[in-house]
Structures are given as structure tokens and as C-alpha cells.
Protein chains: 2
Amino acid sequence: MPEQSPGYRPTLEAVAARAGVSRATASRVVNGGDGVRKPLVDKVLRAVEELGYVPNHAARTLVTRRTGAVAVVIAEPEVRIFSDPFFSQQIRGISKELTAHDTQLVLLLVEGPGDFDRITRYLSGGHVDGALAFSLHTDDPLPAITRRAGIPTVFGGRPGWTTDPGERAVPYVDADNRGGARVAVQYLRDLGRERIAHIGGPPDQTSAMDRLDGYRDVLLDMDPTLVAEGAFTVESGARAMAELLERRPDLDAVFVANDLMASGALRVLRDRGIAVPGQVAVVGFDDMDPVAKETDPPLTTVNQDIEGQGRLMAKLLLRSLDRTGNGAAPDSVITPTTLVRRASA
Amino acid sequence: MPEQSPGYRPTLEAVAARAGVSRATASRVVNGGDGVRKPLVDKVLRAVEELGYVPNHAARTLVTRRTGAVAVVIAEPEVRIFSDPFFSQQIRGISKELTAHDTQLVLLLVEGPGDFDRITRYLSGGHVDGALAFSLHTDDPLPAITRRAGIPTVFGGRPGWTTDPGERAVPYVDADNRGGARVAVQYLRDLGRERIAHIGGPPDQTSAMDRLDGYRDVLLDMDPTLVAEGAFTVESGARAMAELLERRPDLDAVFVANDLMASGALRVLRDRGIAVPGQVAVVGFDDMDPVAKETDPPLTTVNQDIEGQGRLMAKLLLRSLDRTGNGAAPDSVITPTTLVRRASA
DNA sequence: GTGAAAGCGCTAACAA
DNA sequence: TTGTTAGCGCTTTCAC
């Protein structure tokens, strides 16, 4: 890579001149070289190399009307984003996929309700070609915002909104929360457990709802005293476990809606000298690294491929951005989950 | 906000026409309105409002040569980024500051050594005005890359590189790791502890080095058998603690280089029935939320304002990007730390 | 297959 | 103070 005086940037014009061709031909070569004779292609390529030419992105965007950038919108005012590897992993997956397609990732963090205006303006401002958003709460304004902004969007996690009839469904990627929960609870049942409790997540998050539904699917005659509500944090899991033990000292298993809460629950059980899985079997959800492996005992839990979900989101979005005809509106995808057996159940 | 047929975007031309002024005047108003008479300003503003005009960013960049975007480069191939809230918090601070200055955040995740080429190309490609980078390892190639790319860069964390004489020092923001460590160890000493051990982080990270140096500052006659090395993870902290107890069962205090390792150490002490702080006092580093508050017992630790560091990084970079003359090259800043007393020491 | 030329939407001299 | 005009660097018809 030739080192130039910093700040100087050769233009396509310069490349064309050096290669002895027109700007148009140089442009064709830079953009793939279709329909240009081999010798000319080589000449141009050499000029590019020698000059250290890098296309001016702004100029390109101005004429093509494509920015080559995608916004990732994260609305999570809670502390949760700080202690939850969930986002980091999804973003990693997204980043990999976008990078592979020369697309930039513009991060939009929503700090508060007042920010929605800013986000709307940005999204409608032609800065990005599409958006990826995480919608966690049932009353999330994000779906409405991206719809209004009129840019293709794929959501991470099932949005809580029920689609109005006639309105186009919002495309999303989500794990099979309900199915995973079903498998987990069925597993506890097959183990012979009879009083299977559940520690659920915040009821305004669709993943929590879906996992609770999966629990209900298996335990049709669900006893409400066996269900406690947490907040997807370690501490809330501990509290919920204590509450359950208070109410139902006879419980012999718990299906916990995420690993963080499960680790809190395990701590409470250990502190009270209750054997796991001997007296109480515990199954978590997420297979979060490294939490699940390092609990005492190691946690049996439901694995979901979070990074893969991120990749998939990006993939779906990029496909809908593709102008070569097959740029159909993306469908939603539910990714599979698998039960990982460790020692807690 | 007027809803238009999606895809249509009014131009400055349209605004000017509607306001009955020239494009130049419209442009002036949109960019602050200096030197335009009030009534015209109002007219233009109204036209903007009515048309729902949003400036075309590409066109503007093309002529001003400023992108209004900043890259955040994160090179952390390790698992660590997944379990460490450190980055999320810094990014949050960065995001807030950038947003307040209408600057976009482009996220660049470095997945492996092969990625450095890509990053270099991107940074020199005029996509962004500057960069913020996290340099954690002493052999990090990032400083060299951003220098070669020739764009202003501010680092998070002291880069391990010793600056060649004559070469411009790399500007960075870092916590006062050494000073914080000094205060922590001195505090243990003031408590009357006489055999103060240390669990350090990976020696290729400057923060770990600096904290170790602070420990040494106080314990000049440092005994090597009192020092163990961890990897900034819970498990490694537990291992290091076990190792130390093996070697020096007589130790009466431990200064641990971060809270994650401290929580592992506490677990080991608890498991062995060693009273904290009765027999062994423990001080951590980071005051990580929620870890430090929720250990058993709650952790006495050194607080650093991570989000503030992020803000500061952005602030320094934006200042050096400012073209109004005072755009001096940024200096480095060391942010203060404070000891937070809880129950473990 | 290749080149000439128009124009994307905007800012910044320069004129008026 | 306001308007006119010349590009910024690129892609893309349209001729050749």
C-alpha cells in the first residue's frame, strides 16, 4: 500500500489518466469490470494499485442513492445491556455478516424516550439503507418508527405488537423460545419430577412470555403458586427462588427463564443446603457463556445460537436490500434451540 | 412531520423554490442562518418544515469533505468482550457524546489478524473523520494502523507501545490504575494487614501492569510468593486465590486487579470457611455494576467512571476534529479513581 | 467495448 | 444581505 502525504486522495480521474482510459471505463473496472476487455482491466487495476486509489464513498452514494450502511438500533434504557452478553453476541454476528458484504454498521443507542425523534430523523435521512433493531418490550415504539421512516428493517426478537390486519407483518429473527421451554420442562418431567416450578422473566418481554407459554404447554394444569416472576438478573432469580421455596417447599424442579436468574436460584438452593439436582432439579435458558458452565453445579440449559441469530438478521436485511430483483420483503425466521445436559438436572 | 410517499426526498432546491429564495440562502439557513435576515430565515424554515426536508448527507460530505462520522474500533478477539460490561459502558458514554454533536458512530469489530487490512482500508477510505480505539494489549497493532491511516484517533486505555523518540505520543484516556491500586493497598495496610497478596491480570494488558505497579509502589519489599496471575475472569480469580492460599496460608489480605477475579477469590475463601474480612480482607478494582455490590460480602473496590471515560474520549476526538482553529492535537487524560468501602475490607 | 457528457444535492467563492 | 456559479467524485445513459 503506497503511503501518500496524508490527506491526499487520488480520484477516479487520476486512475483513468494513469491507465490511459476514460473515467467511465475506470469506473466499470472498479465496480467489477464487466464488459471491459481484459488488457484494459489490468491496466486500470494496476493504476489503482499504484495510486492507492480508494473510491470516494460520498460521491458514490450521491449518485447511486445507496449508502452501503445499515443502522443497528438498540433501545435498552435499562442496566441490563451492561450485564447481558446477549447484545454483544448478536452484534458480533451482525458485524461479521455485514463486513462480508462491505456494509457498514452504524450504531444507534437509544438513551431515552426523547431519543426516538432523533432516531426517526436519522433513519428517514437517507444515512443508511436499512436497519436492524432489537425490540424487547411489548410496547416498544421501534416498529412504528422504522415503518414510518420507510426503510427496510429486521427485528431481533419477536416484537410484542400484534399486527393490525392488513398491515404488513414485521420481519424478525427469534429463537424458538416456546419450543425450547417445552423441551426443558418435558425433560424435567421425564426425569420424574412432579412439582415443576417456573421462574419467569419480565412479562413485557416477548421472550419471557414465550418461555412461560412453553412451560404451560407441558404443564396444562399449571399451578400458579409454582410460578414466580423475575427480571432476568441474578438477584431477581435469587429472590424468586426464595419466594417459591417459601410458598412451595415441596417443589422438586425449577425451569428458569434465563441462565442469569438460574445462577441466582442455584445460589439460594446451595445456601439452604438443598441438593441440586438431588432434591431440586434446575434447568435454565440461553446456555450463556461462561455463566452456564461455571455455576455450581454446572447448569443444564437450553442453548440458542445468539451469534447465528445476528448473522441471520443481517442476512435477511441484506437480501431485502438487494436490488437484483429478488429483493423480496424478508420473512421472519425462528431459530432452533437444543437442550444441553450438564449437572443441575 | 409530513408523511410523504416513502422514497421521495425533497432537495434544497425545492425548499428554496417554496421559500422564494436562492439555493444558497436556503443552504445558509439550514446551516445555522448566520447573515440571513430574519424574515427570510423564517420563510425557509417554514418551507423546510412543510416539505419535511432533510439534508442529503452524501452531497454535503462530498463538498465539505467531512463525514460527520467517527469509527469505534474494537479489537478483542477474546471471549472477554462477551462477559465484560466494560465496553458496553464506554460505548454508551461515547455514543452520548457523539450524539450530542450530531456525529455518527460506526462500529468496527476486529475479528482476527486478517481484519487489520480491512480496517486500515476503511479508515483511510474517508468514511469517517476520526477514530476511537481500544488498545488493551501491549503488542496491539491498532496504534500503528490508525497512524498510517492518517486520521485523528484517541485510544481507550494506555497503549502498551513505548513511543519512539520524535514520534508523536498517542493520545489516550485511561483511569488512574496505578494510583487507584496504591490507594487500595495503602488502605489494606492502614487496616493493619501485613501480608497483602495480589492477584494480577494478564501481563500483556497495560491496566494489569499499572495496577501491579501501584501495588509495588506501596509494598516496596514485595514478596513474589504473594503475587499470582489471573486473566480478569471469575474462574481465573478463583484459581489464583487457591494458588495463593496454597503457597501462603498466612496471608491476611488480597488486592485483586478486577472485580470479576475478586468475586472468584471470594468464592474460594467462602468455600474454605475463611472469614472475609476477618481473616482475609479483599479489595477489588472497577466497582463493576452489579458484581461488586452483589458479592458475599459486598466488595470493597476501586471505582472508575467508565462511561465518563467514553465521553471523554469522544470529547477529545471531536475537539481535535474541530476546524475552528483550536483543533489542537489531543492530549492524554488520566481519570481519577476512588476507593469504595463495602464489607470485604 | 469504450468514451463523452450529464447530473446526483450540496457548499462556498465570488458578484451583485 | 442575497444570488449566481462552479465544482466535489462518481455512475450512467447514450453515442460511437
Residues of residues 34-46 of chain A with any non-hydrogen atom less than 4.0 angstrom from an atom of DNA chain D: list those, numerically ordered, please.
none
Keeping Asp129(A) on the side-chain end and Thr67(A) on the backbone end, is there a donor-acceptor pair under 3.5 Å?
yes
For Asp42(B), is there an ion pair with Lys38(B) - N to carboxylate O distance below 4.0 angstrom?
yes
So does Val173(B) get a backbone contact from the side chain of Ser332(B), meaning a donor-acceptor N/O pair under 3.5 Å?
no
Let me see the working for Val15(A) and Val30(A) under side chain to side chain contact (heavy atoms under 4.5 Å, CB included), right down to the final yes or no.
CA-CA 10 Å; Val15(A) 172; Val30(A) 168; 5.7 Å; no
Each nucleotide in nucleotides 8-16 of chain D should get exactly one letter: B, S or -. Can you fill that in based on protein heavy atoms under 4.0 Å?
BBBBBB---
Check whether Arg158(B) reaches the backbone of Ile334(B) with its side chain - one donor and one acceptor, N or O, closer than 3.5 Å.
no
Quick one: does any side-chain atom of Thr103(B) pair with a main-chain N or O of Ala69(B) as donor and acceptor, under 3.5 Å?
no
Between Arg9(A) (side chain) and Val54(A) (backbone), is there a donor-acceptor pair under 3.5 Å?
yes
